[in-house]
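Pasting a structure below so you can have a look.
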Protein chains: 2
Amino acid sequence: MAFPKISSSKQTPCEACPLRKMPTFRDFTQEELDFVSSFKTGELTLNAGTTVLSEGAQSAHLFTVLSGWAFRYKMLDDGRRQILNYAMPGDLVGLQATLMAEMQHSVEALSSLTLCVFERERLGHLYRDQPDLAFDITWIAAQEERILDEHLLSIGRRTAMERAAYLLAFLTQRGRASGLFRDDPTVVPLTQQHVADTLGLSIVHTNKTLKKLAERGLLRWGERGCEILDEEGLLKAAGWEGMPESKRRFI
Amino acid sequence: MAFPKISSSKQTPCEACPLRKMPTFRDFTQEELDFVSSFKTGELTLNAGTTVLSEGAQSAHLFTVLSGWAFRYKMLDDGRRQILNYAMPGDLVGLQATLMAEMQHSVEALSSLTLCVFERERLGHLYRDQPDLAFDITWIAAQEERILDEHLLSIGRRTAMERAAYLLAFLTQRGRASGLFRDDPTVVPLTQQHVADTLGLSIVHTNKTLKKLAERGLLRWGERGCEILDEEGLLKAAGWEGMPESKRRFI
DNA sequence: CGTGCTATTGAGCAGTTTCAAAAAAGGTGG
DNA sequence: CCACCTTTTTTGAAACTGCTCAATAGCACG
């Protein structure tokens with residue numbers, strides 16, 4: 001198995017970053033752009049199923065998802081796995097290992113994944129010289145916290161049906177805001193095992209729950225994942241209002 | 001009902017902050033201390049059961065817990081409640097409302113509670129002039145994220161018994177690190193309803209689960225809350241290693 | 001054509017919930 | 001200190017949701 005390498009050449013210069021053109025992300029000043037450009041030291045491309053970071057790892061790198069899907073998870077000793085959240089273009093990965101001693105969760109590529117690589121050491125410069133970017137990093141962390149709050153509410157208090165509907169509506173909203181559905185049909189690249197491990201349900205019950213949602217015409221399980229047919233219906237089935245939208249920050 | 005007022009006089013000047021003397025918190029430079037001192041605009045003291053911030057609120061303030069316990073929670077329309085996390089001395093409250101448009105969760109005092117009050121507007125100065133403090137705020141947000149990750153794992157994948165043991169071990173560790181158990185017996189000021197709403201269980205099942213833990217001699221439900229008798233035993237029952245310890249940051 | 005995932009389905013079981021009610025603990029005003 | 005009222009803790013029993021076990025089918029890959 002070939003070890004993934006970090007290419008030092010920037011396939012995608014920050015000036016031409018495709019994320020920057022999207023309406024959901026905030027604009028940068030030229031100075032910020034220059035800084036981020038010098039902060040970025042390379043790119044990393046991984047296949048689906050590859051581990052990006054492992055629990056306990058002390059990574060020297062901080063990443064931003066440039067394209068593709070990933071997910072964060074934790075495992076118990078006996079193999080029980082809980083998926084904590086999904087990372088999409090613009091999301092920061094590995095901030096924990098950068099700020100604290102080590103990662104307390106693992107990260108795996110859900111699809112083919114490209115990451116921008118930043119040097120951990122230079123984060124201090126960012127805080128010293130780019131207060132607005134520093135603020136953005138805090139903003140991103142607070143945003144993640146918000147999402148985790150909602151997931152916690154979901155797993156703790158929603159029924160299996162509501163949970164499943166919530167998760168898919170959530171991924172749809174977030175995926176669209178991240179430009180992941182360019183090609184028309186809205187397909188989230190999950191297996192039912194991923195769904196089960198996110199919802200805190202067994203795979204059998206997850207299957208039966210998804211089947212009911214499919215019978216209601218809200219989704220269709222198909223080629224390489226879940227196709228969303230009725231986002232409104234999912235939101236209603238979840239009893240969820242959706243995420244408040246605002247300009248997203250990213251680095 | 002008297003509306004709680006923010007006293008503009010600082011009962012506790014930052015120079016004499018009791019948290020600063022504790023070994024778990026990091027030291028400040030004189031400059032940082034001066035800044036924080038000027039950042040703090042008052043103190044707020046609330047009774048147990050009082051709401052600190054409500055979901056949807058746009059608070060002009062940011063708080064740090066100076067003494068006492070609080071908890072964050074979200075509710076569904078039909079009244080189902082999920083407690084997300086607990087706030088203890090040194091913890092930041094209301095960062096979400098400060099960074100984004102509004103709070104997405106509520107905060108309530110669990111015991112008598114005293115908060116340091118900061119002005120939202122001045123946060124910009126902090127990021128501009130005090131990069132180390134800005135870094136600390138990000139660190140605090142990342143730390144909260146870590147805790148939420150662990151809670152998510154717990155609710156999603158641990159059994160009722162494990163969950164309960166985890167929660168109480170967690171509160172014990174964190175409470176001790178926050179100096180909340182000065183008076184000897186280790187008592188966490190919770191009702192079983194709080195425990196139930198944190199674990200995502202019904203109150204009836206929570207009661208039966210706690211009873212089993214009590215029979216094992218791990219805890220005792222008593223005067224105003226849960227008395228911890230065997231922290232090691234709880235950790236073992238939870239299958240949890242405890243939180244990695246490090247110098248905590250705070251403002 | 002065998003191997004290994006992923007998705008399905010059925011059946012019985014276990015952990016949790018809901019309903020109902022009683023006992024215990026705390027707080028308040030007299 | 002007592003009577004009364006409210007909140008919290010306990011218990012029992014019945015109903016369900018979701019879990020485990022087991023087996024089958026569909027596909028992709030080598």
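Just so it is clear: chains get the letters A, B, ... in the order the sequence lines come, proteins before strands, and each one is counted from 1.
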Task: Under 3.5 Å donor-acceptor, B/E55 side chain and B/M103 backbone - done: no
Task: side-chain contact (heavy atoms from CB on, under 4.5 Å) involving B/A87 - partner list, sequence neighbours excluded - done: B/V65, B/A70, B/D91, B/V93
Open item on the list: Would you say A/Q104 and B/D149 are linked by a side-chain donor-acceptor pair, where the criterion is simply a distance under 3.5 Å?
Closed with: no
Task: Between A/S154 and A/H151, a side-chain donor and acceptor under 3.5 Å - done: no
Task: Proximity to DNA chain C (any heavy atom under 4.0 Å), residues of residues 191-201 of chain B only - done: B/G200, B/L201
Open item on the list: Taking A/L201's backbone N and O only, do any of them form a donor-acceptor pair with B/R157's side chain (distance below 3.5 Å, no angle check)?
Closed with: yes
TODO: Scan residues 205-217 of chain A against DNA chain C and write down, sorted by residue number, each residue with any heavy atom closer than 4.0 Å; if none is found, say none.
DONE: A/N207, A/K208, A/K211
TODO: Take the protein atom CD1 of B/I155 and the nucleotide atom P of C/dT16, then report the distance between them rounded to whole Å.
DONE: 13 Å
TODO: Say whether, by atom type as modelled, one donor and one acceptor occur between the side chain of B/S111 and the main chain of B/W69 under 3.5 angstrom.
DONE: yes
Task: Residues which pass side-chain contact (heavy atoms from CB on, under 4.5 Å) with B/R220, listed by chain and number, not counting sequence neighbours - done: B/E227, B/L229
Open item on the list: Suppose we screen for side-chain contact (heavy atoms from CB on, under 4.5 Å). Which residues come up paired with B/M75, at least two apart in sequence or across chains?
Closed with: B/Y73, B/R81
- [ ] With axes from five pairs an end, tell me the bend angle of the helix from C/dC1-D/dG30 to C/dG30-D/dC1, nearest 10°.
- [x] 50°
TODO: Could you tell me from which nucleotide to which nucleotide of DNA chain D, 5' to 3', there is an atom under 4.0 Å from chain A heavy atoms?
DONE: D/dG18 to D/dC21
- [ ] Hey, could you give me each pair passing salt bridge (charged side-chain N to carboxylate O under 4.0 Å, His left out) that has a residue in residues 162-171 of chain B? Not counting sequence neighbours.
- [x] A/R80-B/E162
Open item on the list: Distance check needed: C/dT17 P versus B/I203 CD1, whole Å only.
Closed with: 11 Å
Task: Within residues 158-171 of chain B: residues closer than 4.0 Å to DNA chain D (heavy atoms) - done: none
Task: ring pair (Phe, Tyr, Trp, His ring centres under 6.0 Å) involving A/W240 - partner list, sequence neighbours excluded - done: A/Y166
Open item on the list: Please check this pair: side chain of A/Q173 against backbone of A/M243, looking for a donor-acceptor N/O pair closer than 3.5 Å.
Closed with: yes
Task: Contact list for residues 229-239 of chain B, test side chain to side chain donor-acceptor pair (under 3.5 Å), sequence neighbours left out - done: B/R176-B/E231
Task: side-chain hydrogen bond (donor to acceptor under 3.5 Å, both in side chains) between A/E43 and A/T12, intermediate numbers included - done: CA-CA 8 Å; A/E43 259 172 46; A/T12 308; 3.3 Å; yes
Open item on the list: Closest approach to the side chain of A/W221, judged atom by atom: which nucleotide of C/dC19, C/dA7, C/dG27 is it?
Closed with: C/dA7
Task: Residues which pass side-chain contact (heavy atoms from CB on, under 4.5 Å) with B/T209, listed by chain and number, not counting sequence neighbours - done: B/A160, B/M161, B/A164, B/H205
Open item on the list: For the backbone of A/L180 and the side chain of A/S178, can you confirm whether one donor and one acceptor N or O come within less than 3.5 Å of each other?
Closed with: no
